[in-house]
There are 2 protein chains.
Amino acid sequence: MKDILRNIGIISRALDSISNIEFKELDLAKGQFVYLVRICENPGMIQEKLAEILKIDRTTTARAIKNLEKNGLIIKKTDPNNQKNKLLFPTAEGQAIYPFIIRENEHSNAVALQGLTEEEIDVLVGLLERVKDNISHDWLRVKKGYKREY
Amino acid sequence: MKDILRNIGIISRALDSISNIEFKELDLAKGQFVYLVRICENPGMIQEKLAEILKIDRTTTARAIKNLEKNGLIIKKTDPNNQKNKLLFPTAEGQAIYPFIIRENEHSNAVALQGLTEEEIDVLVGLLERVKDNISHDWLRVKKGYKREY
DNA sequence: TCCTTTTTGTTGCAAATGCAACATAATTTA
DNA sequence: TAAATTATGTTGCATTTGCAACAAAAAGGA
C-alpha cells in the first residue's frame, strides 16, 4: 500500500514551524496558536476536549493553556454546572490576535494548495477528513494505554 | 479557500504520538524513528540534507543524530572528500530495528487509509506530493530568516 | 592568491513536550 | 446510599525542541 504518513509529517512540520516563527511577532510561544484559534472559535470548551480534537497530549495542552492564561490571551472559568470543568474563553486581547493567525494560516494554506484546481482541493479535503476519522480512534486508545496488535 | 492545514496537523500529530508510544519498546526516544528510517534507506547522507528532507530544525536534527549514535543505532563517518561533512550510516543494530519501524508505520498507514479505494489512495498520494513541493520552498526560506509578505 | 560568503556542524540556554503519578469532582454500579 | 470507576485537571521530572551564537571547512569572487 502506498504511504501517506511521510509526506503528511513533512507537510505538517513545515507549516507548523513556519507558523511558529511568524507568530513570534505576536509573542505566541511555540505551539500555542492552535489552541488559541480553537478557543476563539469554540468559546466555553474544556481542556480535555481541546486536547482530544487537536490530538495533543492532555498534559501538554494543560500547560499551553496555562501559558495562554498567564499571557492574558484566554481565561478559565469554572463551569457552574460542573465544578470539575474549567471552561475556556478568549480575552479581548486573544480575540484581537485571532485574525492575524487566520491570515497567516490562510496564506500558508494558499501556498500549500498552489496549482491545485478547485476540484482537486475538494477531493483532498474530503480524503483528509476521512483519514482523520480513521486515525482518531486508534489515537485515543493508544493514548489510554491500549496496545495495538499488528 | 478550503483549509487542509488543520487536518494535516491533526493527522500528523496523531500518527506521530502513536508511533512514539509504540517505539518505546524499541528504546527509541521521541521523534527518533524518522531519522533512523531515512538513514537506513539512504546510508551516507549528511545531517543537513536529512533535516531539509524531513523539514526538521537543523539543531534538533543534530541532537537526535547524536542520541542515535550514543545509543549505537547509527554511526558518523567523516567524508574523506570533504572534512566538513559527516556521513551517516546505520549500525547492524539500527538495521535490525528498521523492519519493526516499517511494520508499525505500514499498519498506521493502513488504518489511516481504511475505506479508501485504490484510486482514492493514488489521488491522495499525488496531491500530497504536490502540496509538499509547494510548501518546501517557503519552509527553507523562512527557516533562513526570510520574511514572507502576505 | 586572499577575502568573503556559504555550508555544515556544534553548544548554551530557555522553553515546550509528555509519561507517571497524583488530586478531586462526577458518574456509574452494586 | 456507598463504593468503584471515570472524567478532568495538575505537578514532578526527564527529555526533546529550537533560536542564537559560534566554529571551521569549503566554495566563490575579485
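In what follows, chains carry the letters A, B, and so on, assigned in the order in which the sequence lines appear, proteins first and then strands, with residues in each chain numbered from 1.
As rounded to whole Å, 16 Å separates atom P of C/dG18 from atom NZ of A/K66. Between B/D57 atom CG and C/dA16 atom P there is a gap of 16 Å when expressed in whole angstrom units. B/F23 has its CZ atom 14 Å from the P atom of C/dC19, to the nearest Å. Atom P of nucleotide D/dA24 and atom CD of B/E48 are separated by 18 Å, given to the nearest angstrom. Computed from coordinates, the A/L140 CG to D/dT6 P distance equals 15 Å when rounded to whole Å.
When B/R58, B/K86, B/K143 are each tested for a salt bridge (Lys or Arg N to Asp or Glu O under 4.0 Å) with B/E48, only one passes: B/R58.
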Give every pair of a protein N or O atom and an N or O atom of nucleotides 23-26 of chain C that lie under 3.5 Å apart, one pair per line with the distance.
{"residue": "C/dA26", "atom": "OP1", "partner": "A/Q83", "partner atom": "N", "Å": "2.7"}

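Distances shorter than 4.0 Å separate none of the side-chain N or O atoms of B/T60 from OP1 or OP2 on D/dT16. Taking only side-chain nitrogens and oxygens, A/N67 comes nearer than 4.0 Å to OP1 or OP2 of C/dA16. Within the 4.0 Å cut-off from OP1 or OP2 of D/dG18, not a single side-chain nitrogen or oxygen of A/K24 is found. Look at B/K143 and you'll find a side-chain N or O under 4.0 angstrom from OP1 or OP2 of D/dC19. Phosphate proximity of C/dA15 to A/Q32: absent, as no side-chain N or O sits under 4.0 Å from OP1 or OP2.
The terminal axes of the helix from C/dT1-D/dA30 to C/dA30-D/dT1, fitted over 5 pairs per end, subtend an angle of 30° to the nearest 10°.
Each of A/A29 and A/R58 lies near DNA chain C, and the nucleotide nearest A/A29 is the one positioned closer to the 5' end. Of the two residues contacting DNA chain D, namely A/I46 and A/K30, the nearest-nucleotide position lying further toward the 5' end is that of A/I46. Comparing A/R63 and A/S17 against DNA chain D, the residue whose closest nucleotide sits nearer the 5' end is A/R63. Between A/T59 and B/L87, the one whose closest nucleotide on DNA chain C sits nearer the 5' end is B/L87.
Residue A/R13 places no side-chain atom within donor-acceptor reach of the base of D/dG18, judged by atom type and a 3.5 Å distance cut-off alone.
In this structure, the side chains of A/I11 and B/W139 stay at 4.5 Å or more apart for every pair of heavy atoms.
Contacts of B/N20 with the nucleic acid, taken as non-hydrogen atoms under 4.0 Å apart, are absent. At the heavy-atom level, A/K144 lies nowhere under 4.0 Å from the strands shown.
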